[in-house]
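See below for the structure under consideration.
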Amino acid sequence: MTPLDFVISLALISVAAGVLGSLIGLGGGVVIVPVLTLLYHVDIRLAIGASIVSVIATSSGAAAAYVRERMTNLRAGMFLEIATTTGAVSGAYLTTLLPTRFLFVFFGLVLAYSSFVTFRRRHVAQPLTVSNDRLANYFNLHGSYYDYAEKREISYKVVGTKAGLGLMYVAGLVSALLGIGSGALKVPAMDSAMHLPMKVSSATSNFMIGVTAAASAGVYFIRGQIDPIIAAPVAAGVLLGATLGARVLGRVTSRTVRLVFVIVLVIISLEMLQKGIFP
Amino acid sequence: MTDLNKPTGYSHVHSSSEPGPSGIGRPGYHRRELSPEEAAVMEEKIRKVELAISMVLRIGVVVSVLVIASGLGLMFFHHSDYLPIRGSFSYRELTSQSTPFPHTFADLGKSISHGEGQGIVVLGVLILILTPILRVAVGVLSFLYEEDIPMALVTLFVLVVLIGSFFLAGV
């Protein structure tokens with residue numbers, strides 16, 4: 001395969017990664033890392049560098065559209081970023097200390113648990129109308145959005161901000177360690193612990209993953225993990241895909257988003273466990 | 001996590017006369033109920049903030065895509081051996097761990113001044129990396145504009161950690 005074939009094929013895959021990543025709030029990394037390592041046999045460290053780029057591309061590409069549609073809870077997102085960025089900075093320094101196999105097993109287990117927790121909440125359709133969470137009330141993290149699938153304004157209250165902050169710290173840590181997976185923890189944290197509607201969780205996660213990834217991107221650049229020939233098609237493809245995916249999210253139901261999210265998470269967790277246990 | 005997840009059924013009312021069960025350390029600050037006119041003004045302000053953030057993102061994204069695309073074009077222009085669809089030159093030579101590409105700001109400057117595609121792609125990627133940081137910076141200003149001091153401080157903290165992470169990376 002020549003460099004031209006590589007760039008074109010990777011750009012096309014990246015468009016798909018951007019659509020999927022922005023729809024479920026995971027970022028393009030969930031597709032990019034396995035594609036680069038399994039299909040193109042690229043070194044895992046370079047794949048993680050490309051994934052960080054794809055995560056930022058998904059976030060910035062999609063968030064521009066989401067924020068306008070008011071689906072992103074900007075306040076909750078910013079508030080939770082306190083924990084995530086701190087986690088990301090600490091994680092970026094642990095990545096060279098931990099063996100890859102351990103990372104795969106650890107990440108696989110984290111994702112398996114996330115998918116289970118998210119699937120369990122599939123029948124919960126109604127958002128909360130009251131909240132006695134002091135932090136959420138103080139910072140006024142509650143919100144509302146217009147749901148195009150249900151054709152009505154949906155307002156919701158936020159609870160469990162302390163649990164949310166704890167999970168977000170871990171999400172930042174995992175994101176920096178593996179280049180992906182911050183959304184995989186962020187969406188369940190907002191959905192299960194904080195009771196945000198699924199579409200809001202996905203959109204807000206999308207908003208946040210870019211900020212979290214930016215906190216560790218500098219480290220990856222200096223360490224030489226951002227290879228231009230990989231980063232260029234990934235960035236361009238994912239940006240295009242994410243813009244398309246952002247439009248899709250408005251039209252589909254929360255239940256669909258949840259199910260797609262769970263399926264993707266189960267696949268990735270099995271894949272990661274396999275790599276860690278039977279390399 | 002258990003008690004936080006259970007709403008106890010009474011609705012939390014913000015009013016200036018109510019000090020709050022155990023206000024978080026700053027009794028002086030409270031959010032009072034807004035009158036309909038004030039709420040409308042607030043709504044309009046929040047809308048402007050959202051549009052401003054959205055605009056920052058779009059500009060950052062478009063600029064980075066243009067820079068990355070032109071860098072990629074230059075890479076292929078300077079290296080005609082990259083181009084054939086069928087050929088002996090494998091992409092593996094560009095994606096191995098020993099592949100040289102700029103990964104310090106000094107290298108990057110040198111690479112760009114020599115008009116190398118690689119350097120320009122990396123520059124575009126760095127612009128893309130900066131968009132979320134710029135977004136947070138705009139967030140600080142916009143929360144100040146909304147006169148929401150707690151959220152402005154929260155956002156400022158995130159910004160400081162983000163910028164700090166870049167300096168830490170250089171150490």
Side-chain angles (χ1 to χ4, degrees), chain A residues 1-7 40 42-43 45-46 53 56-57 59-61 63-64 67-68 70 74-75 78-79 81-82 85-86 89 128 130-135 137-140 159-160 162-163 193 210-211 214-219 221-224 226-232 235-236 239, chain B residues 1 4-5 7-12 24 31 50-51 53-54 57-58 60-61 64-65 68-69 71-72 75-76 82-85 87 89-91 94-97 99 101 103-104 118 121-122 124-126 128-129 131-133 135-136 139 150-151 154-155 157-158 161-162 165-166 168-170:
Chain A
M1 196 184 258
T2 63
L4 185 67
D5 305 336
F6 174 75
V7 165
Y40 294 104
V42 168
D43 182 79
R45 302 228 168 258
L46 291 181
V53 172
I56 296 176
S59 177
S60 291
V67 171
R68 270 186 342 149
R70 291 200 302 125
L74 212 62
R75 307 178 68 91
M78 282 294 188
F79 179 74
E81 273 305 321
I82 293 178
T85 46
T86 319
V89 171
L128 295 178
V130 292
S131 167
N132 61 343
D133 186 297
R134 271 184 255 129
L135 282 171
N137 288 329
Y138 181 79
F139 287 100
N140 191 21
V159 293
K162 278 184 196 148
V211 180
S216 39
V219 182
F221 167 67
I222 298 291
R223 236 182 246 149
I226 295 176
D227 184 349
I229 193 98
I230 305 175
L239 277 172
Chain B
M1 161 163 178
L4 287 167
N5 277 346
T8 49
Y10 61 84
S11 123
H12 185 106
I24 339 168
R31 253 174 248 284
E50 285 174 348
L51 284 174
I53 292 181
S54 176
L57 286 175
R58 283 173 175 222
V61 162
S64 77
V65 162
I68 289 171
L72 195 61
M75 276 176 90
F76 282 95
Y82 290 9
L83 269 178
I85 303 249
F89 191 85
S90 170
Y91 73 93
L94 297 173
T95 59
S96 79
Q97 274 199 302
T99 311
F101 52 80
H103 61 90
T104 62
Q118 278 197 331
V121 168
V122 172
V125 170
L126 288 182
L128 186 64
I129 292 173
T131 52
I133 300 173
R135 181 198 314 177
V136 175
M151 277 310 295
V154 161
T155 316
F157 175 84
V158 174
V161 173
L162 278 177
S165 78
F166 267 82
L168 282 173

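If you're wondering where the values come from, they're calculated on a predicted model, not measured in any experiment.
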query: Which one, A:Val42, A:Val7, A:Ile226, leads in non-hydrogen pairs under 4.5 Å with chain B?
result: A:Ile226
- prompt: When heavy-atom pairs shorter than 4.5 Å are enumerated against chain A, which of B:Val122, B:Ile68, B:Val158 gives the highest number?
  reply: B:Val158
message: Quick check: closest heavy atoms across A:Gly224 and B:Phe101, and the distance to 0.1 Å?
response: O-CZ, 3.1 Å
query: What closest approach, in Å, do B:Val136 and A:Met78 show between heavy atoms, and which atom pair accounts for it?
result: CA-CE, 4.0 Å
message: What part of B:Leu72 gets within 4.5 angstrom of chain A, counting heavy atoms only: side chain, backbone, both, or neither?
response: side chain
task: Find out whether A:Glu81 and B:Pro132 are in side-chain contact, i.e. whether some heavy atom of one side chain is under 4.5 Å from a heavy atom of the other.
output: no
message: Quick check: closest heavy atoms across B:Met151 and A:Phe79, and the distance to 0.1 Å?
response: CE-N, 4.3 Å
field: Test side chain to side chain contact (heavy atoms under 4.5 Å, CB included) applied to B:Val61 - qualifying residues, sequence neighbours left out
entry: A:Ser60, A:Leu239
- request: For residues A:Ala235 and B:Leu128, report the shortest heavy-atom separation together with the two atoms involved.
  value: CB-CD2, 4.0 Å
- prompt: Can you name the residues that form a side chain to side chain contact (heavy atoms under 4.5 Å, CB included) with B:Phe157, not counting sequence neighbours?
  reply: A:Ile82, A:Thr86, B:Val161
message: Within the 4.5 Å heavy-atom criterion, are B:Val125 and A:Phe221 side-chain neighbours or not?
response: no
Which atoms of A:Val211 approach chain B - backbone, side chain, both or neither, heavy atom under 4.5 Å: both
- prompt: So which of A:Asp227, A:Thr85, A:Ile230 has the largest heavy-atom pair count under 4.5 angstrom toward chain B?
  reply: A:Asp227
